[in-house]
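If you're wondering where the values come from, they're calculated on a predicted model, not measured in any experiment.
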Amino acid sequence: MPRDTLTVDQIVRAAIELLDEEGLDGLNMRSLGKRLGAAATAIYWHIKTKDDLVRLAGDAIWDEVELPDPDAADWRQAATALATGMHAMLGRHPWFVQACGSHLLYGAGKSRYDDRCLAVYENAGFGAADADRAAATVFIFVLGNALGPAVEVSLARRLSKNGKDAGQHMADAVARAGEIAMRFPRLRERLGTTAAADYAAAPDSSFEFGLAAILDGFEVRLGRR
């Protein structure tokens, strides 16, 4: 595909697909050009660096999060929708969590999401400064919950590329972690139950429990006013 028929949107969409499949380490202009049927130089004509490409891809995926109307919905329902939408988006694009630690990520998509979060918390009754804090608290919570699955995907990919059986390697690590955990009474008690048989797995509904607890705390603070 010649450079004059490519568009930035086409390049970014193809980059997101490649990132989803191969992760950050698998993104390069040659592989992307092959996917687009274009030379790598044609991509550089539109997007100058790989860092720019990651930034554009990392911003585009925020458009996947549906933004509730802060005036039409109960603030708690709107806040829950924003958090769960972000959580689902991060699950579809685990490379984004890794990119947060290695790239400068910004753009209209992320700003649009942030602005809607602030609107929700201001409409709930928080002043501007506390709305900032509330939005940041939920954002960090959601990002932290997405870290575990993202690390697992990245680790499995790296092990496979090194010729190792990723599933077996991870199973062995979990088994060793479980053996160590058995030395501690509360962990030993939980590991003896069916629900906690997998030491590496988070308890069921941990994300929902944590989000509800945070929003409960917000309601208490608002009630005190």
Side-chain angles (χ1 to χ4, degrees), residues 8-9 11-29 31-32 35 43 47-68 78-121 129-161 166 170 173 200-202 206-211 213-215 218:
V8 171
D9 184 65
I11 296 170
V12 170
R13 291 299 162 190
I16 292 171
E17 293 175 1
L18 184 57
L19 285 162
D20 289 346
E21 294 173 13
E22 301 293 338
L24 278 178
D25 294 337
L27 178 65
N28 59 73
M29 297 305 192
S31 296
L32 185 58
R35 183 177 290 260
I43 297 173
I47 299 174
K48 300 304 182 184
T49 68
K50 179 179 173 180
D51 283 352
D52 287 338
L53 183 57
V54 172
R55 177 179 60 79
L56 291 169
D59 190 57
I61 59 177
W62 284 98
D63 290 337
E64 298 177 14
V65 182
E66 185 175 351
L67 303 181
T80 300
L82 286 165
T84 55
M86 174 184 167
H87 188 256
M89 180 272 284
L90 294 177
R92 292 190 294 271
H93 308 292
W95 53 269
F96 181 85
V97 178
Q98 182 184 357
C100 285
S102 58
H103 290 74
L104 296 172
L105 302 175
Y106 58 89
K110 172 65 164 49
S111 293
R112 190 178 302 112
Y113 177 87
D114 289 342
D115 187 77
R116 186 57 54 90
C117 288
L118 292 174
V120 166
Y121 292 116
D130 281 346
D132 287 344
R133 297 184 183 100
T137 297
V138 174
F139 183 90
I140 293 169
F141 169 76
V142 177
L143 192 64
N145 268 266
L147 179 61
V151 168
E152 187 173 341
V153 170
S154 179
L155 177 60
R157 187 180 290 120
R158 181 173 65 82
L159 291 172
S160 297
K161 287 183 177 179
M170 294 173 73
S206 291
F207 173 75
E208 293 80 4
F209 176 90
L211 179 60
I214 291 171
L215 299 182
F218 290 172

* Asked: Got a second to check how far Leu53's CG is from Lys48's NZ, nearest 0.5 Å?
  -> 13.5 Å
* Structure fact -> side chain to side chain donor-acceptor pair (under 3.5 Å) filter on Lys110, not counting sequence neighbours, yields Asp114
* To do: Give a yes or no on this: more than 12 heavy atoms of other residues, nucleotides or ligands lie within 6.0 Å of atom CD of Glu208.
  => yes
* To do: Any salt bridge (charged side-chain N to carboxylate O under 4.0 Å, His left out) involving residues 86-103? Give me the pairs, sequence neighbours left out, ordered by first then second residue.
  => Glu64-Arg92
* Who passes side chain to side chain donor-acceptor pair (under 3.5 Å) against Glu21, sequence neighbours left out? -> Arg35
* Going from CH2 on Trp95 to CG on Asp20, what distance comes out if it is rounded to the nearest 0.5 angstrom? -> 7.0 Å
* Smallest separation among heavy atoms of Ala99 and Val54, with atom names -> CB-CG1, 4.1 Å
* State which residues pass side-chain contact (heavy atoms from CB on, under 4.5 Å) with Thr49; sequence neighbours excluded, sorted by chain then number. => Asp51, Asp52
* To do: Only counting residues at least two apart or in another chain, list the ones meeting side chain to side chain donor-acceptor pair (under 3.5 Å) with Asp132.
  => none
* To do: List for me each residue that meets salt bridge (charged side-chain N to carboxylate O under 4.0 Å, His left out) alongside Asp9, sequence neighbours excluded, and say none if there are none.
  => Arg13
* Residue pair Ala81 / Pro68: nearest heavy atoms and the distance that separates them -> CB-CG, 4.2 Å
* To do: Begin from the C-alpha positions of Lys50 and Leu27 and carry the test side chain to side chain contact (heavy atoms under 4.5 Å, CB included) through to its verdict.
  => CA-CA 8 Å; Lys50 179 179 173 180; Leu27 178 65; 4.1 Å; yes
* **Nearest-0.5 Å distance that lies between atom CG in Leu56 and atom CD1 in Ile47** => 5.0 Å
* Do you know the tightest heavy-atom contact between Val120 and Ala79? -> CG1-N, 3.9 Å
* Any residue meeting side chain to side chain donor-acceptor pair (under 3.5 Å) with Asp63, in chain and number order, not counting sequence neighbours -> Arg112
* Any idea how His87 and Phe207 line up, ring-wise: parallel (<30°), tilted (30 to 60°), or perpendicular (>60°)? -> parallel
* Return the set of residues passing ring-ring contact (aromatic ring centres under 6.0 Å, His included) with His103 (not counting sequence neighbours), or none when no residue passes. => none
* For side chain to side chain contact (heavy atoms under 4.5 Å, CB included), just list the numbers for Leu67 and Tyr113, CA-CA rounded to whole Å, side-chain angles, deciding distance to a tenth of an Å, and then say yes or no. => CA-CA 7 Å; Leu67 303 181; Tyr113 177 87; 3.9 Å; yes
* Taking it one step at a time, do Leu90 and Ile61 satisfy side chain to side chain contact (heavy atoms under 4.5 Å, CB included)? -> CA-CA 9 Å; Leu90 294 177; Ile61 59 177; 5.6 Å; no
* Asked: In chain order, what residues pass the side-chain contact (heavy atoms from CB on, under 4.5 Å) check against Ala131, with sequence neighbours excluded?
  -> Leu118, Tyr121, Glu122, Phe126
* Asked: Backbone N or O of Leu104 within a donor-acceptor pair of the Arg55 side chain at under 3.5 Å?
  -> no
* Give the minimum heavy-atom separation between Asp59 and Ala108, together with the two atoms involved. => OD2-N, 3.1 Å
* Asked: Closest approach of Ala60 and Val12, non-hydrogen atoms and distance?
  -> CB-CG1, 3.9 Å
* Rounded distance (nearest 0.5 Å) linking atom CD1 of Ile16 with atom CD1 of Ile11 -> 12.5 Å
May I have the list of side-chain donor-acceptor pairs in residues 134-153 shorter than 3.5 Å, sequence neighbours left out?
from, atom 1, to, atom 2, distance (Å)
Thr137, OG1, Arg133, O, 2.8
Asn145, ND2, Phe141, O, 3.0

